[in-house]
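Below: one structure, written as structure tokens.
So that the names make sense, note that chain A is the first sequence line, chain B the second, and so on, each numbered from 1.
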Number of protein chains: 2
Amino acid sequence: MKVNIKRVAQEANVSISTVSRVLNSPELVSPEKRQRVLQVIQELNYQASELARGLSSKKTQTIGVIIPRVTSFFFNELYRGIDVAVKEFGMNILLYDCDSNLERTTHGFTFLVRRQVEGIIYASQFITEELYTFISRLGVPVILALTESFNRKLTAFKVDEVRAAFDAVSYLIARGHHRIAMISGPLDNFVAGKTRYEGYRMALNQHNLPFLDDCVAFGGYRYEDGHRAMRELLEKRNDTQFTALFAASDEMAIGAMRCAFDHGLSVPQDISIIGFDNLSIANMVTPKLTTVSQPFEQIGFEAVRTLIRAISGDIHESDSSNHYLPHQIIERESVASRAIEEVAAADER
Amino acid sequence: MKVNIKRVAQEANVSISTVSRVLNSPELVSPEKRQRVLQVIQELNYQASELARGLSSKKTQTIGVIIPRVTSFFFNELYRGIDVAVKEFGMNILLYDCDSNLERTTHGFTFLVRRQVEGIIYASQFITEELYTFISRLGVPVILALTESFNRKLTAFKVDEVRAAFDAVSYLIARGHHRIAMISGPLDNFVAGKTRYEGYRMALNQHNLPFLDDCVAFGGYRYEDGHRAMRELLEKRNDTQFTALFAASDEMAIGAMRCAFDHGLSVPQDISIIGFDNLSIANMVTPKLTTVSQPFEQIGFEAVRTLIRAISGDIHESDSSNHYLPHQIIERESVASRAIEEVAAADER
DNA sequence: CTGTTAGCGCTTTCAT
DNA sequence: ATGAAAGCGCTAACAG
């Protein structure tokens with residue numbers, strides 16, 4: 001016979017409310033009965049049904065997390081922060097992998113809502129107007145991590161992408177590089193594509209460096225994309241003469257590094273490379289990749305903290321907006337400074 | 001007012017059973033009413049509560065997955081296979097990160113059972129007798145992936161670790177390496193530690209090669225462990241004279257590779273290295289890592305398939321055991337063949 | 001084809 | 001401090 005609350009109550013010779021009480025507010029039960037019930041629970045290996053619990057109490061102690069792909073490297077790092085915060089607040093996680101695809105994204109939201117999550121952390125694609133409308137009707141608070149919404153009405157935690165890219169390129173410029181190529185993400189990606197590209201152009205502009213179409217290639221953030229894009233860039237290098245490269249992701253930076261190697265070029269002696277993300281692999285390649293670090297863990301943590309606050313009801317309107325967390329340039333081995341004479345000589349030509 | 005099945009029924013002027021029917025077996029409802037109900041559902045943006053559904057029907061269409069750490073690299077690859085299979089069977093996933101820790105592992109099982117998952121895929125630590133007893137009392141089928149149980153009574157999908165390690169080392173031997181070092185996992189790890197170590201010793205034995213204590217170092221599978229272990233190995237290399245290394249994980253192999261580089265040694269010219277796992281990073285480092293591939297995706301897929309079969313009830317006792325999936329050596333750039341003369345000359349000494 | 005009704009396993013008043 | 005009873009939102013006979 002199945003073991004449910006009723007069964008436990010019978011065996012312990014108490015009412016089911018008493019059993020419920022020892023589970024939820026033991027201090028309301030006499031020590032003696034409490035002991036007895038606990039004993040029976042132990043013996044029967046009773047596991048209260050969270051379904052029934054949630055249905056009855058309207059609380060599930062669970063938050064939903066929507067991510068683009070479990071296989072995206074950054075997810076690992078983000079998850080750590082989410083996990084820490086969730087445990088700290090005694091909540092649980094329901095994860096949904098939306099595969100970076102709109103249909104699965106909306107399905108993800110309903111999947112979670114139907115399971116009565118109390119709030120949702122969304123860490124996938126840019127939120128368009130259409131998706132925003134959809135989310136508004138959900139009835140549960142949603143916090144964005146590593147992404148943002150078209151009108152910025154949804155609270156978001158991320159780095160200032162434009163600024164971070166600007167800083168990365170400026171870093172290269174400060175080290176004497178005046179011809180800088182870029183491997184960008186797709187420009188129709190408003191989170192990490194267009195933004196990082198703009199940061200690149202702004203930095204060039206700021207330092208009165210010319211922008212060359214032939215110095216930019218595009219890719220989908222993966223290793224192979226970086227390798228292919230670099231090949232395109234290298235083909236025109238006789239004209240462009242670039243000495244440094246800014247890649248919109250670590251994976252692409254590493255792919256580009258390999259491509260350079262395949263062409264007999266060495267990094268950073270011949271070409272300096274800076275990446276973006278500071279994934280753990282950035283530290284595993286040789287040369288170790290200099291890159292822009294995103295505080296993934298902190299972003300996950302803050303997002304959860306804010307979500308929990310929103311669930312508790314004390315959400316201030318002023319919170320609704322983008323929160324920028326500090327990025328940082330991690331200096332490793334893939335960028336070299338050019339000697340002053342070298343710079344001068346090259347500029348003279 | 002909240003929108004539940006009752007509300008939908010009222011607005012559509014039908015009974016709640018009719019609403020329930022259009023959701024679960026629409027063919028039993030007249031087209032006219034069906035339309036009307038669907039319409040209302042749409043307008044009200046009604047989302048059926050999966051909690052109530054599961055509670056009432058005893059079916060949740062959900063399987064639980066317990067993994068050691070989301071941040072473990074292999075999880076990404078395994079998850080892909082699980083995800084594919086789960087979607088194919090119209091199920092859903094509840095993920096639990098047990099952090100490779102016993103307390104959280106048991107908590108994970110109860111967490112999932114309380115949420116009425118219909119079965120569980122377990123992909124974490126070795127199942128001890130104690131844990132086995134615990135699992136047996138759970139009442140839901142459990143399938144193992146990438147791990148196994150002390151008595152092999154639980155159906156498991158994995159590679160034959162001993163054999164795979166044996167093959168890796170034999171591969172090195174066949175390429176003329178007679179002094180082979182190993183960076184092993186902890187020997188009290190019965191899944192990937194002791195097994196791979198044994199495979200190493202068996203291969204040495206088989207080929208009448210001496211086993212040297214100074215040719216083995218240990219680490220916890222991570223990059224840093226590999227780097228440190230390699231340093232230990234290198235310190236004794238004057239005596240041991242090893243020309244090749246077998247690492248029990250790709251991360252450790254890459255760490256070792258870097259360590260060699262730091263000591264002015266080049267791979268594979270001075271030292272050949274073979275890893276284990278074939279993670280995506282193995283293909284991103286230079287030289288690309290030769291390694292033993294585990295069919296993670298296939299393992300995930302098969303595990304789910306078998307689990308679903310077990311849930312449906314058609315489980316054959318004969319299924320309960322270890323299923324070994326084929327491993328494979330992926331030849332890349334980190335292993336060199338030694339010239340015959342070189343081998344002969346060295347052996348003469 | 002459709003509606004009525006009795007649960008599913010738990011929480012939560014409301015009495016006592 | 002404890003129990004009885006009314007739901008929570010849904011499914012699943014059962015009757016018509």
Categorize [X] for me: base, sugar-phosphate, or nothing, with a 4.0 angstrom heavy-atom threshold over every strand shown.
X: B:S17; result: base
X: B:V19; result: nothing
X: A:K59; result: nothing

Requested in this report: Measure the angle between the two terminal helix axes of the helix from C:dC1-D:dG16 to C:dT16-D:dA1, five base pairs each, and quote it to 10°.
Outcome: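 What I find for the helix from C:dC1-D:dG16 to C:dT16-D:dA1 is an axis angle of 40°.
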Query - Toward the 5' end of DNA chain D, by each residue's nearest nucleotide, A:E27 or A:I16 - result: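 Result: A:E27.
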Query raised in the report: What is the distance, rounded to the nearest whole Å, between atom CZ of B:R53 and atom P of C:dC8?
Result: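 B:R53 atom CZ is separated from C:dC8 atom P by 19 Å.
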Requested in this report: Send over the distance from B:N13 CG to C:dG3 C1', rounded to a whole Å.
Outcome: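 Atom-to-atom, B:N13 to C:dG3, this comes out as 13 Å.
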Query raised in the report: For the base of C:dT12, is there a side-chain donor-acceptor partner from A:S57 under 3.5 Å away?
Result: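 Per atom types, no contact qualifies.
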Query raised in the report: Could one point to a donor on the side chain of A:R7 or the base of C:dG9 with an acceptor on the other under 3.5 Å away?
Result: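 A donor-acceptor contact between them is absent.
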Query raised in the report: Is the charged tip of B:R115 near the ring of B:F111: under 6.0 Å from the six-membered ring centre and within 45° of its axis?
Result: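 Yes - B:R115 lies over the ring of B:F111, closer than 6.0 Å to its centre and within 45° of its axis.
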**Report entry** B:R305 charged N/C atom sitting above B:F301 aromatic ring, 6.0 Å / 45°
**Finding:**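 Pair B:R305/B:F301 does not count as cation-pi.
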Report task. Tell me which nucleotide among C:dC10, C:dC14, C:dT2 gets nearest to the side chain of A:R21. Result ->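 Given the options C:dC10, C:dC14, C:dT2, the side chain of A:R21 is closest to C:dC14.
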**Report entry** Positions of residues 43-52 of chain B (non-hydrogen atom under 4.0 Å from DNA chain D), listed by number
**Finding:**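 Nucleic-acid contacts, sorted: B:Y46, B:A48, B:S49, B:A52.
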**Report entry** Outermost nucleotides of DNA chain D that come under 4.0 Å of a non-hydrogen atom of chain A
**Finding:**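 Answer, 5' to 3': D:dA1 to D:dG9.
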Query raised in the report: Looking only at heavy atoms, which two atoms of B:F75 and B:R69 are closest? And how far apart?
Result: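 Smallest interatomic distance, heavy atoms only, reads CB-O, 4.0 Å.
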